Protein chains: 2
Amino acid sequence: MAHQTVGRPRPGLPDDPRAEVAEPTPACPVEVALAALRGRWTTLVIRELLGGEHSYSGLRAALRGLSDKVLSDRLAHLVEAGVLERRRETGVPPRTRYRLTPHGERLGPVLQALWDWGADSPAAVSGRA
Amino acid sequence: MAHQTVGRPRPGLPDDPRAEVAEPTPACPVEVALAALRGRWTTLVIRELLGGEHSYSGLRAALRGLSDKVLSDRLAHLVEAGVLERRRETGVPPRTRYRLTPHGERLGPVLQALWDWGADSPAAVSGRA
DNA sequence: CTGAATCCCTGCCGATACTG
DNA sequence: CAGTATCGGCAGGGATTCAG
């Protein structure tokens, strides 16, 4: 009775053998998710794409301060993680469109959960330096 | 109609000014949450505490491979983030108990969301190297 | 327009040793 | 038992430059 936080029979933590890992391994789904979100600017890139697909320069325009290197790093990483889909428009001015995959769309609730927790955080409320 | 993923009127993304940040700033609740979870071993430490309070050595025993430095780093960081509470038992053998704060307990659903997404991830399913 | 290549600097993490 | 001190290696990230 002391802790039933994760004690529900959902396809999650308690019964799954991967929940017993004693080391940070890629086998743990939580690590997989955090690995996908890892890196500065990553969530902001996702947030832009949650609002609809964008071109490379569109993203760069929306996220000033983000260098080319980091942006292309993030995009490649997110494509690799199955979050984004890259579509090249082979025209005279080469265009590339980035959009969320269905799996990437499902990050919406995840980010929402992170948001809700963070918004409720004492650090966010009391403005602790 | 192209994207209603975050289009619900929950206390989250669309209407909140903090959702429009063009830079990774601590003002964004998502950043707050990810900052709390940041660092290797962090989620595993939290997982151990989700199963009930532990002593310092209890955590170290549960998480072999985790050095003292990193463990105390993580604990201090999580206390700072309002996730953990440290309670010193000033007895003859000095004991220190770590337990989740109510706010820390609320990380349960967050980790669940991360788990669910990661478990559904192509990288986890198809075992992509 | 869409990146890739390079350089440098910082911060994280692990190992070891030491203290109250 | 519960940490802190110190050091070194390595990866992440920013600015700039170059290429397709």
Side-chain angles (χ1 to χ4, degrees), chain A residues 21-26 28 30-31 34-46 48-49 53-81 83-99, chain B residues 21-26 28 30-31 34-46 48-49 53-81 83-99:
Chain A
V21 292
E23 205 175 313
T25 164
C28 176
V30 173
E31 295 292 331
L34 288 177
L37 298 176
R38 171 141 30 219
R40 210 153 113 91
W41 296 96
T42 303
T43 58
L44 291 182
V45 171
I46 295 172
E48 289 303 315
L49 274 327
E53 65 177 35
H54 281 271
S55 65
Y56 183 89
S57 55
L59 288 170
R60 199 169 49 169
L63 300 170
R64 310 175 190 280
L66 174 54
S67 73
D68 280 335
K69 174 186 182 287
V70 177
L71 177 54
S72 56
D73 276 358
R74 293 295 169 270
L75 292 172
H77 177 231
L78 289 173
V79 168
E80 180 74 8
V83 174
L84 299 187
E85 181 188 15
R86 186 167 127 189
R87 189 175 296 186
R88 317 195 80 128
E89 308 260 342
T90 40
V92 178
R95 280 241 164 197
T96 310
R97 311 264 238 158
Y98 289 92
R99 58 182 304 181
Chain B
V21 291
E23 205 176 314
T25 164
C28 176
V30 173
E31 295 291 331
L34 287 178
L37 298 177
R38 172 140 29 220
R40 210 150 111 91
W41 297 95
T42 303
T43 58
L44 291 182
V45 170
I46 294 172
E48 289 303 316
L49 274 326
E53 64 178 34
H54 280 271
S55 64
Y56 182 89
S57 54
L59 288 169
R60 198 168 51 166
L63 300 170
R64 307 174 189 283
L66 175 53
S67 74
D68 280 335
K69 175 183 183 288
V70 176
L71 177 54
S72 57
D73 276 357
R74 293 297 169 269
L75 292 172
H77 177 230
L78 290 172
V79 168
E80 180 72 7
V83 174
L84 299 188
E85 180 190 15
R86 185 167 128 188
R87 188 175 297 186
R88 317 193 81 130
E89 306 263 340
T90 39
V92 179
R95 280 241 164 199
T96 311
R97 313 263 239 157
Y98 289 93
R99 58 184 304 181

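Predicted, not measured: the structure shown is a model, and the values here were computed from it. Chain A is the first sequence line, chain B the second, and so forth, proteins listed ahead of strands; every chain is numbered from 1.
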In whole angstroms, how far is the [atom2] atom of [N] from the [atom1] atom of [X]?
{"X": "A:Arg88", "N": "D:dG20", "atom1": "CZ", "atom2": "P", "answer": "13 Å"}
{"X": "A:Leu63", "N": "D:dG14", "atom1": "CG", "atom2": "P", "answer": "12 Å"}
{"X": "A:Arg64", "N": "D:dA15", "atom1": "CZ", "atom2": "P", "answer": "15 Å"}
{"X": "B:Leu71", "N": "D:dC1", "atom1": "CG", "atom2": "P", "answer": "13 Å"}
{"X": "B:Arg86", "N": "D:dA2", "atom1": "CZ", "atom2": "C1'", "answer": "9 Å"}
{"X": "B:Leu59", "N": "D:dC1", "atom1": "CG", "atom2": "P", "answer": "13 Å"}
{"X": "B:Leu84", "N": "D:dA2", "atom1": "CG", "atom2": "P", "answer": "15 Å"}

With a non-hydrogen cut-off below 4.0 angstrom, is [X] in contact with a base, only sugar-phosphate, or nothing?
{"X": "A:Arg95", "answer": "sugar-phosphate"}
{"X": "B:Arg38", "answer": "nothing"}
{"X": "B:Arg60", "answer": "nothing"}
{"X": "A:Arg74", "answer": "sugar-phosphate"}

inquiry  = Check whether A:Arg74 reaches the backbone of A:Arg40 with its side chain - one donor and one acceptor, N or O, closer than 3.5 Å.
reply    =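 Yes, the answer is positive, given that a donor and an acceptor are paired below the 3.5 Å cut-off.
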message = When you measure from the side chain of B:His77 to the backbone of B:Ala35, do you find a donor-acceptor pair of N or O atoms at a distance under 3.5 Å?
response =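 Checked: pair present.
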task = Establish, with yes or no, whether the OP1 or OP2 oxygen of D:dA2 is under 4.0 angstrom from a side-chain nitrogen or oxygen of B:Ser57.
result =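 Looking at the OP1 and OP2 atoms of D:dA2, one of them is under 4.0 Å from a side-chain N or O of B:Ser57.
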inquiry  = Does D:dG3 have OP1 or OP2 under 4.0 Å away from a side-chain N or O of B:Tyr98?
reply    =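 The answer is yes; a side-chain N or O of B:Tyr98 sits under 4.0 Å from OP1 or OP2.
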Using a 4.5 Å cut-off on heavy atoms from C-beta on, say whether the side chain of [Y] contacts that of [X].
{"X": "A:Leu49", "Y": "A:Val83", "answer": "no"}
{"X": "B:Asp68", "Y": "B:Tyr56", "answer": "yes"}
{"X": "B:Glu31", "Y": "A:Thr43", "answer": "yes"}

key: Identified side chain to side chain contact (heavy atoms under 4.5 Å, CB included) partner of A:Glu53 from the options A:Arg87, A:Glu48, A:Arg97   =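 Going through the options one by one, the only one that passes is A:Arg97.
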key: Residue that, paired with A:Thr42, satisfies side chain to side chain contact (heavy atoms under 4.5 Å, CB included) out of A:Leu44, A:Val45, A:Ile46   =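 So, applying the side chain to side chain contact (heavy atoms under 4.5 Å, CB included) to A:Thr42 and each of A:Leu44, A:Val45, A:Ile46, only A:Ile46 qualifies.
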message = Taking the minimum atom-to-atom distance to the side chain of A:Asp68, which one of D:dT17, D:dG14, D:dA2 wins?
response =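 When the side chain of A:Asp68 is considered, D:dT17 is the closest of D:dT17, D:dG14, D:dA2.
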inquiry  = Checking contacts here: which listed nucleotide (D:dG13, D:dC1, D:dG3) is nearest the side-chain heavy atoms of B:Pro94?
reply    =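 When the side chain of B:Pro94 is considered, D:dC1 is the closest of D:dG13, D:dC1, D:dG3.
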key: Boundaries of the chain A footprint along DNA chain C (any atom under 4.0 Å from a heavy atom)   =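 Boundary nucleotides touching chain A, in 5' to 3' order, are C:dC1 to C:dT6.
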First encountered from the 5' end of DNA chain C, between A:Ser55 and B:Arg40 =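 Here A:Ser55 is the residue nearer the 5' end.
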message = Nearest heavy atom decides the nucleotide; on that basis, is A:Pro24 or A:Gly58 closer to the 5' end of DNA chain C?
response =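 It is A:Gly58 whose nearest nucleotide is closer to the 5' end.
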